[in-house]
Each structure stands twice: as structure tokens, then as C-alpha cells.
S.K.: 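Supplied in C-alpha cells, the structure appears directly below.
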Protein chains: 2
Amino acid sequence: MKGAATHIVDDDPAVRDALQWLLRSRDVPSQTWDSAERFLAFASRDVCGCLLLDVRMPGMSGIELFDRLRALQCRLPVIFLTGHGDVPMAVQALKDGAFDFIEKPYDDNLLVDKVLAAIEHDAKRCARDGAIQLLQQRLALLTQREHEVMQRILAGKLNKVIADELDIAMRTVEVHRSHIFEKMQVRSAVELSQALGMLGDAPNSRSGS
Amino acid sequence: MKGAATHIVDDDPAVRDALQWLLRSRDVPSQTWDSAERFLAFASRDVCGCLLLDVRMPGMSGIELFDRLRALQCRLPVIFLTGHGDVPMAVQALKDGAFDFIEKPYDDNLLVDKVLAAIEHDAKRCARDGAIQLLQQRLALLTQREHEVMQRILAGKLNKVIADELDIAMRTVEVHRSHIFEKMQVRSAVELSQALGMLGDAPNSRSGS
DNA sequence: TTGCCTATTGTGGTTTTCCGCAGAGAGCCG
DNA sequence: CGGCTCTCTGCGGAAAACCACAATAGGCAA
């Protein structure tokens with residue numbers, strides 16, 4: 001993972017420095033960016049940590065950066081900072097998956113707590129994302145035929161039934177089956193089912209603070 | 001399910017009537033309550049639909065009602081209505097799982113859209129909750145020993161291994177196994193694994209509007 | 001052309017699962 | 001005490017899964 005830290009995006013140098021100083025005083029590593037554009041150029045799918053993001057900035061706004069990041073599959077938890085936030089904006093941001101929305105002036109301790117919560121949340125997300133990527137890499141190894149067989153295995157069908165449906169010999173199904181287990185690195189249909197179970201889980205949830 | 005409709009909770013009769021009239025004009029059935037206490041007395045785990053809730057009311061506030069409902073396992077999606085909402089309150093409500101947070105004066109079309117979205121969201125939730133309850137009822141039928149065996153089946157262990165671990169004969173494991181499948185109404189370990197898979201899923205997620 | 005991957009099938013045998021039949025001991029309740 | 005449930009076990013057989021060895025055939029790339 002690239003950049004497992006707190007990223008501070010604000011156009012005001014004084015605010016950036018204050019936030020960085022605050023976080024450093026609590027041993028939270030951080031990195032600052034003076035514009036949404038700069039951070040967007042850096043961001044990628046596998047950034048970990050969290051993002052402290054000012055809403056109003058010249059050029060790209062915090063909200064727009066947030067939308068762009070989501071479009072890029074970047075799931076970094078975002079804590080918005082704003083001096084003039086209105087309720088609809090905050091509601092929309094949270095419904096779109098923002099981690100928090102804080103009005104300035106902020107309380108130092110509260111902000112740090114939220115940052116820590118976001119980082120902890122993201123650590124879990126990163127771990128889960130890693131597992132999912134690994135799974136998908138393995139899935140990509142399967143041939144078309146193996147996919148067809150796997151679907152039917154997960155449907156709980158017997159080899160005999162699968163063979164009938166695909167109009168091939170039972171022996172062939174057995175071969176595919178063993179290849180599937182080998183490529184997916186599982187040793188039974190149960191393990192396979194459990195491994196693939198996490199792929200369908202809602203990737204959009206937050207824990208209450 | 002009890003009361004699959006939109007529940008309007010507001011102390012102001014004029015607001016209640018206006019909301020009910022608006023919803024009725026769009027063929028959305030609704031029911032009104034003049035205080036948080038009244039609705040709380042009515043609410044239960046299996047209410048379906050959605051809740052249009054005023055924040056400021058004499059006696060119990062909307063926020064408090066919301067907390068109480070959550071404590072009672074009532075997962076009804078809540079749309080807060082407020083004339084004087086502040087950002088922190090909205091943020092906290094949403095992080096606690098509120099469906100939406102709208103400031104008065106509201107736009108009629110927008111509000112109806114949100115209500116419909118909440119109802120649709122809740123229909124899915126109710127369906128899933130029903131499935132989960134059914135599963136848990138079936139799980140409750142299992143004896144202690146059967147639970148122990150089931151765990152090990154889900155761990156992908158062979159009957160032989162399970163027998164060793166529990167220090168019983170393989171035949172006994174087979175008997176337990178068949179009882180488990182019968183009680184859980186599945187026909188294979190894969191189906192069992194998939195059925196129980198939904199129990200662990202995050203019960204806290206909203207779809208972006 | 002040769003080599004590799006994919007898909008296919010067969011033979012024969014072992015292991016595992018699943019099931020019916022049959023029975024035993026412990027604990028609980030009317 | 002007589003049912004009832006839960007737990008445990010054995011026997012024997014059918015069905016299914018699993019596996020090693022062996023082979024055919026098409027497609028594709030070095």
C-alpha cells in the first residue's frame with residue numbers, strides 16, 4: 001500500500017501547518033497537499049490512512065475531489081473540514097460515503113479521535129481489499145470452462161448433474177473441479193463458498209463513532 | 001410485518017396534515033403520531049416502511065426517539081425533518097444510521113423521492129431480516145452437540161477429523177450431520193455455508209441517493 | 001514444427017459421504 | 001414407570017468424490 005498516512009488537503013498554509021502540527025504531536029504521521037489537483041494526481045486505489053479535506057478551495061473543491069476519488073475506486077476515508085458548512089452538503093457527503101464532516105473551528109481532541117477512528121477503519125478496509133484482490137487474482141486464473149463448473153459447484157450440484165448440464169463426462173468435471181480447488185487454493189467446496197462469500201459483501205458501510 | 005407505511009411523527013398538526021396530504025397525493029400510505037412517546041409505544045422490531053421524524057418536539061425529541069428505537073432493535077429508516085438543524089447534529093444522526101436529514105422548508109418532490117427511496121430500502125431490509133430470523137429460528141433447533149459438529153463442518157473438516165476431535169465415532173458424526181442438514185433445511189455443506197454467510201454481513205449500510 | 005495450454009475421456013481403485021436398520025445408556029417429564 | 005429426546009455406536013451397502021496414470025485433440029505462439 002502506498003502512503004499509509006493522514007493526508008491533509010487545504011489551500012491555506014496556516015491550516016495545513018496547524019493540522020500537521022496537531023497530528024505530529026499525537027504521533028500521527030501526515031502529509032500535506034496544497035490543492036485538490038495535487039492530491040488527485042497522487043491518489044490511487046491503494047492509498048491507505050485517511051484524508052482531511054477542506055471543502056472550499058480555489059480550483060477543485062473538496063467535494064469535487066471526493067467525487068473524483070470515488071470514481072477512481074479510491075476508498076480512502078474522508079473527513080471534511082469546513083468553515084461554512086450547510087446541512088444539505090454534509091448530508092450528501094455522508095450519504096456518499098464520507099467518513100465525517102467537521103465544522104471549523106474544530107476541537108483538537110475530537111478531531112484527532114476522528115482521525116484515529118478513520119485510520120483504524122481504513123486499516124480493516126485495506127486488509128479486506130487485499131484479500132478481495134487476492135481472490136480476484138485467483139479467479140482470473142480460471143478458464144471459462146472452470147468458471148462454468150464452479151458456478152454449479154457453488155449451486156450445490158453433484159458432479160453427475162454438472163456433467164449432464166454441460167454435456168461432458170463426469171471425469172472431466174472431476175478434473176475441472178480439482179483444477180478449480182488448486183487455483184483457488186482451497187481444499188473443499190465449503191472453503192470455496194466461504195472465500196467467495198466476502199466478494200458479495202456491501203463495500204459501503206461505516207461504523208458509528 | 002406490522003405497519004408497512006410511512007410514519008409521520010410531529011407535534012405540529014399543520015405539519016402532520018401537510019405531510020400526510022403530500023404523501024397521499026402520491027399514493028404513499030401514511031400514519032401520523034403527535035408525539036415521540038406515542039410512536040415509541042407502537043414501534044417494534046418488525047415495523048416496515050419509513051419514519052418521517054421532526055427533531056424538535058416537546059417532551060421526547062426526535063433524536064432521542066431515534067436512539068430509543070435503535071436500542072429496541074427497530075431498524076426502520078428514519079428521515080429527520082428540522083427547521084433549525086445544525087451540521088453536527090445531522091452528521092451524528094447519519095453516522096448513527098439515519099436515512100436522511102432534511103431541513104425545512106423542504107421541497108415536496110425531493111421529500112417524496114427520499115421517502116420512496118427509504119421505503120424501497122426498507123423493503124429489502126425487511127426481506128433480509130426475515131431470512132435472518134428464519135435462519136436463527138432454525139439454528140435454535142440445533143442441540144449443543146450439533147452446533148459443535150456444524151462449526152467443524154463449516155471449517156471444512158472431514159467427518160473422520162471431526163470424530164477424532166470430539167472423540168466420538170464417525171457414525172455419530174454422520175448422524176449429527178444429517179440432523180443438522182435436516183433442521184437447517186439444506187442439502188449440502190455448501191448450502192449451509194452460504195445460508196450462514198448472510199448472518200455475518202454488515203447490517204449497517206445505506207445506498208447513496 | 002515443437003511445446004504449452006485447454007478440454008476432453010477412460011480405467012481402476014481408494015476414500016468419503018450418506019443412509020437404513022438396530023440398539024444402548026442418560027436425563028427429563030407426566 | 002413409560003414415553004421422549006439426546007447422544008452414542010456398529011454393520012453393511014450404495015452413491016459420490018477423489019486421484020494417479022494414460023491418452024486424444026484443437027489452438028496458439030516461439
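Here is how names work: the chains are called A, B, and so on, in the same order as the sequence lines, proteins then strands, and each is numbered from 1. Heavy atoms only: backbone and side chains are in, while hydrogens, waters and symmetry mates are out.
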S.K.: Less than 3.5 Å between a donor and an acceptor, one on the side chain of R171(B) and one on the base of dG20(C), is that the case here?
M.R.: yes
S.K.: I want to confirm an ordering. Mapping A169(B) and L141(B) to their closest nucleotides on DNA chain D, which one lands closer to the 5' end?
M.R.: L141(B)
S.K.: Side-chain contact, heavy-atom cut-off 4.5 Å: E191(A) with R187(A)?
M.R.: yes
S.K.: If I take atom CZ in residue R177(A) and atom P in nucleotide dC19(D), what distance separates them, rounded to the nearest angstrom?
M.R.: 10 Å
S.K.: If you pin V175(A) and M170(A) to their nearest nucleotides in DNA chain D, which one's is more 5'?
M.R.: M170(A)
S.K.: May I ask you to verify whether the side chain of E174(B) and the base of dC19(C) hold a donor-acceptor pair under 3.5 Å?
M.R.: yes
S.K.: Using whole Å, report how far NE2 of H179(A) lies from P of dC5(C).
M.R.: 11 Å
S.K.: Phosphate oxygens OP1/OP2 of dT5(D): is one of them under 4.0 Å from a side-chain N or O of T143(B)?
M.R.: no
S.K.: Provide, to the nearest angstrom, the distance between the CD1 atom belonging to I153(A) and the C1' atom belonging to dC18(D).
M.R.: 12 Å
S.K.: In terms of the nearest nucleotide of DNA chain C, which residue is placed more toward the 5' end: L158(B) or L166(A)?
M.R.: L166(A)
S.K.: Identify whether the distance between the nearest side-chain nitrogen and carboxylate oxygen of D122(A) and R125(A) falls below 4.0 Å.
M.R.: yes
S.K.: Expressed in angstrom and rounded to an integer, what is the separation of E182(B) atom CD from dT17(C) atom C1'?
M.R.: 17 Å
S.K.: Are any of the side-chain heavy atoms of V91(B) and P88(B) separated by less than 4.5 Å?
M.R.: no
S.K.: For dA16(D), does either OP1 or OP2 sit under 4.0 Å from a side-chain N or O belonging to K160(A)?
M.R.: yes
S.K.: In whole angstrom, give the distance that lies between atom CZ of R187(A) and atom P of dC18(D).
M.R.: 12 Å
S.K.: What is the distance, rounded to the nearest whole Å, between atom CD of E148(B) and atom P of dT7(D)?
M.R.: 9 Å
S.K.: Does the distance from a Lys or Arg side-chain N to an Asp or Glu carboxylate O, for D34(B) and R16(B), drop under 4.0 Å?
M.R.: no
S.K.: Base, sugar-phosphate or nothing for T172(B)? Non-hydrogen atoms, less than 4.0 Å.
M.R.: base
S.K.: What is the distance, to the nearest angstrom, from the CD1 atom on I180(A) to the P atom on dC18(D)?
M.R.: 11 Å
S.K.: Does the side chain of N159(B) get closer than 4.0 angstrom to OP1 or OP2 of dT16(C) through an N or O atom?
M.R.: no
S.K.: Shortest non-hydrogen contact from L166(B) to R152(B)?
M.R.: CD2-CZ, 3.6 Å
S.K.: Can you tell me the distance, in whole Å, between the CD1 atom of I162(B) and the C1' atom of dT9(D)?
M.R.: 17 Å
